[in-house]
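Proteins get letters first, then strands, A, B, ... in listed order; numbering begins at 1 in each.
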Amino acid sequence: MIPIVVPQEDVNSETALVVAWLADDEALVKKNQVVCEVETSKVVFEVAAPADGWLVRGGKAGEEVRFNVPIAFVVASLEAITAARAILHDPQHELPAARELSSFSGKLTERARRLIEEYAIPVSALPNKPLLTERDLLPLIDNKDDYYSPLDQRVYPLNHTKVSVRRTLILGAGLGAMQVVDILSHDPRVQVIGYLDDNPELHGNTIYGLPVVGPSSLAAEWFRAGRYDAAIISVSTSNAVRRRWYEWLKDLSVPLVNAVDPSAKLNRGVMLGEGNIICAFVHVGVETRVGNNNFLSAYTSIDHHNLWGSHITTGPAVATSGCVEVEDDVKMGTGIFIQPHITVGKGAQIASGAVLTRSVPAMHAAKTRINTELTPLRGDSNANPVC
Amino acid sequence: MISNRSERCAHVLNHALHHLFENHPDVYLLGEDILDPYGGAFKVSTGLSSRWPERVLTTPISEAAITGIAIGMALRGLRPIVEIMFGDFITLCADPIINYATKFRQMYDDQVRCPIVIRTPMGGRRGYGPTHSQSMERLFLSVSGLTILAPSRLHDLGGALIHATLHGEEPTLFVENKVMYGEIHTPPQDGRIGLFACREFGAAPLQTIALSLTEFEYSDVTLLCYGGMAPIALQAAEELLIEHEISCEVIVPCRIKPFSLEGLGEALERSGRLVVVEEGPLTGGWAAEVAARVQEQLWARLRGPIRRIAARDGIIPSTRVLEDLVLPGKQALITSITSMLRGGSVLTA
């Protein structure tokens with residue numbers, strides 16, 4: 001529980017006026033986020049949150065508040081909200097933990113001290129050690145997941161590269177997620193911390209050792225709480241879902257990472273947006289531009305000077321010639337060939353095995369008739385008429 | 001252990017010398033200005049010449065001669081101790097050490113021993129300038145047949161000196177850190193030194209001491225150092241844990257040559273990261289040798305490259321302000337280790 005106090009910026013004022021609150025009561029705020037504007041006789045200044053957590057507001061807009069006493073608290077647990085309200089209501093009210101802590105004889109790390117105060121851990125419950133660390137105290141906290149996820153503490157073994165590692169959430173916990181996490185495992189800049197999926201039956205499962213932590217709505221809450229840095233959408237079966245989640249993530253300002261398999265060949269001049277999944281052995285020819293949030297399956301070969309939009313999915317082994325244009329939301333099946341200088345319009349769907357010799361208008365389906373005959377085999381495979 | 005915890009390290013060494021002279025008539029001391037009342041530049045020899053004047057030999061200023069005489073005494077069965085007033089002048093002993101003392105045993109088919117002990121203060125942080133502040137033991141790391149002991153205030157200082165004098169089969173360079181002389185001797189008691197839990201590796205009195213603030217349950221980084229760097233490393237470890245929640249195990253050997261990896265294996269199992277610290281300059285130092293050995297033998301336990309923290313290459317300035325910039329201090333350790341782990345143990349920040 002960390003107080004927000006109005007610093008005395010000038011000596012002419014006895015009190016300050018709360019001009020406006022810039023964050024809702026009980027909203028999740030981030031450290032250094034401006035939460036309040038305060039006016040003294042000389043100046044209006046901004047007050048920032050001292051830490052990440054829930055904001056518990058004291059004074060109302062238009063009220064006079066005193067300097068150097070808490071006008072609000074930032075708390076780390078929902079339980080602490082009640083305690084914070086009690087203090088704001090009655091400034092004489094003291095946190096029992098803070099009072100008791102002075103009787104503790106051992107030494108504490110800064111984070112351990114903060115935990116004890118925030119979670120009101122009684123001194124009698126503290127482990128008997130000469131020095132207590134955060135790790136010693138976490139087992140004492142019931143809702144420690146609200147404080148931080150143990151996932152956040154995973155250390156990627158490449159600190160020496162000075163490449164900052166992005167903690168990344170994968171949206172969707174289906175078969176696509178397995179492909180995406182496999183691809184990202186080769187990227188030292190990305191540390192996947194888990195999956196989100198709206199199917200509650202998947203929650204608590206693990207995929208390649210990482211948990212399905214909850215519904216996709218968590219992406220908003222966790223991003224505001226600073227618990228991850230980037231996301232990627234793994235769904236490969238629905239362009240509509242890909243687009244919807246993408247737009248939602250962009251509304252939240254969540255950056256997206258690209259997942260590019262190390263075996264993919266991206267040639268000179270290729271420009272790639274964000275949130276793309278580029279599977280094994282994909283080839284992208286020179287000067288081709290690919291937008292955002294596309295899912296390019298294995299052996300997709302996009303030749304030179306193509307222009308691809310966003311939210312496009314391909315099945316394996318889709319091959320385009322040079323100068324092909326593919327607009328947003330196009331869905332392609334498996335094994336498709338596309339001639340040069342052809343445009344595939346927005347939202348078009350191309351069936352497996354199609355050979356496109358002319359452009360496809362927007363919102364059209366394209367299909368090349370392939371007659372696949374099925375003949376029952378007799379017992380003797382030598383009698384097979386096909387091979 | 002013939003010391004108690006409230007004694008300064010210089011006194012502990014002085015007591016050990018008194019113990020040796022009292023009980024072993026074959027022990028001699030040679031050096032410059034070691035007679036009472038002066039008792040040596042750092043007072044470690046105080047009182048010896050008054051009680052055993054015939055066995056405390058003050059000499060002219062010739063380190064080569066002092067060492068050569070001691071070698072002759074050792075060859076004939078005595079146990080001489082040489083005090084070199086400042087370790088920087090060990091260069092003048094290099095020829096007798098390298099070409100005689102450490103070679104005679106094998107040159108004469110194992111028929112002679114040359115168990116001399118060369119005690120000398122090393123290290124800076126006293127403002128003594130370029131030629132009285134160096135850590136020169138590094139120059140002798142490649143001299144085969146030489147043992148180098150560089151105990152810290154955590155070790156059984158007196159025991160180490162007695163052991164080297166009486167039981168050494170080979171010449172020993174006994175490095176005494178200058179700052180350590182004035183520090184309180186703090187060996188482990190009941191497995192602890194203050195807040196630190198301690199483990200000891202190797203035979204007494206030359207144990208390697210490992211220290212942990214987190215009861216050896218976990219650690220983020222292993223810090224290996226010796227001599228005068230040990231107290232600095234412990235201060236850094238405490239601040240790293242209290243302020244940055246970084247758990248840092250400190251491993252402090254007493255014998256730096258030959259060097260044993262005892263204790264390092266299990267520590268690296270926990271941390272996977274090694275920082276080797278020394279007060280001497282970076283190039284060609286002890287840390288380089290240790291880093292090479294660790295990566296040869298414990299590669300599988302490392303999660304990142306070994307880091308060295310050492311003095312800047314160059315001279316050690318006389319002014320304390322500049323000296324502090326050249327020698328690795330607490331802040332340098334903290335900065336290096338936090339930046340090494342940056343992006344790692346991020347919690348809420």
Side-chain angles (χ1 to χ4, degrees), chain A residues 2 28 30-32 49-53 74 76 105-115 118 127-139 144 146-167 188-191 193 225-229, chain B residues 189-198 211-221 234-235 237-249 268 270-275 291 295 299-308 334 336-349:
Chain A
I2 298 175
L28 264 176
K30 296 192 79 165
K31 185 175 178 176
N32 297 329
D52 294 352
V74 174
S105 60
K107 213 162 176 171
L108 299 163
T109 68
E110 292 298 323
R111 287 193 192 160
R113 180 179 299 281
R114 210 181 121 185
L115 269 181
E118 283 176 15
N128 183 24
K129 282 185 170 180
L131 195 160
L132 294 182
T133 66
E134 183 181 53
R135 224 182 266 222
D136 293 323
L137 298 176
L138 285 176
K144 59 178 172 292
D146 285 339
Y147 177 63
Y148 84 99
S149 158
L151 301 173
D152 299 349
Q153 230 193 1
R154 290 165 54 87
V155 176
Y156 203 88
L158 275 176
N159 297 314
H160 61 281
T161 61
K162 295 191 178 168
V163 172
S164 64
V165 177
R166 293 205 275 178
R167 298 164 298 168
R189 301 163 301 177
V190 174
Q191 179 195 341
I193 59 172
R227 290 167 69 167
Y228 72 100
D229 307 307
Chain B
Q189 281 199 337
D190 303 324
R192 303 200 76 84
I193 297 176
L195 287 171
F196 289 87
C198 299
L211 303 101
S212 166
L213 285 168
T214 50
E215 311 294 324
F216 296 102
E217 287 166 9
Y218 64 94
S219 77
D220 299 305
V221 58
L234 295 187
Q235 288 169 21
E238 197 168 327
E239 187 167 328
L240 280 166
L241 187 63
I242 302 267
E243 307 273 336
H244 304 278
E245 207 73 27
I246 292 171
S247 171
C248 176
E249 263 174 47
L268 291 177
R270 283 187 285 276
S271 70
R273 291 185 193 80
L274 180 64
V275 176
Q295 72 89 19
W299 171 250
R301 300 185 191 192
L302 292 171
R303 273 187 251 149
I306 299 167
R307 290 284 185 93
R308 291 179 292 159
I334 290 170
S336 302
I337 289 169
T338 47
S339 77
M340 176 179 176
L341 293 169
R342 193 170 46 210
S345 59
V346 177
L347 292 174
T348 51

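B/Ile334 places a side-chain heavy atom less than 4.5 Å from the side chain of B/His244.
Legend: residues meeting side chain to side chain contact (heavy atoms under 4.5 Å, CB included) with A/Leu28, ordered by chain and number and at least two apart, are A/Trp54, A/Glu221, A/Ala225. Partners of B/Glu243 according to the salt bridge (charged side-chain N to carboxylate O under 4.0 Å, His left out) rule, which considers only residues two or more places apart in sequence or in another chain, do not exist here.
With a threshold of 4.5 angstrom between heavy atoms, A/Leu132 does not approach chain B through any atom at all. Looking at A/Lys129, only its side chain comes within 4.5 Å of chain B, counting heavy atoms on both sides.
Looking only at heavy-atom pairs under 4.5 Å with chain B, the residue among A/Ala51, A/Gly106, A/Pro130 that has the most is A/Pro130. Top candidate by heavy-atom pairs under 4.5 Å with chain A, chosen from B/Leu213, B/Leu195, B/Thr214, is B/Leu195.
A donor atom on one side chain and an acceptor atom on the other are found under 3.5 Å apart for A/Thr133 and B/Tyr218.
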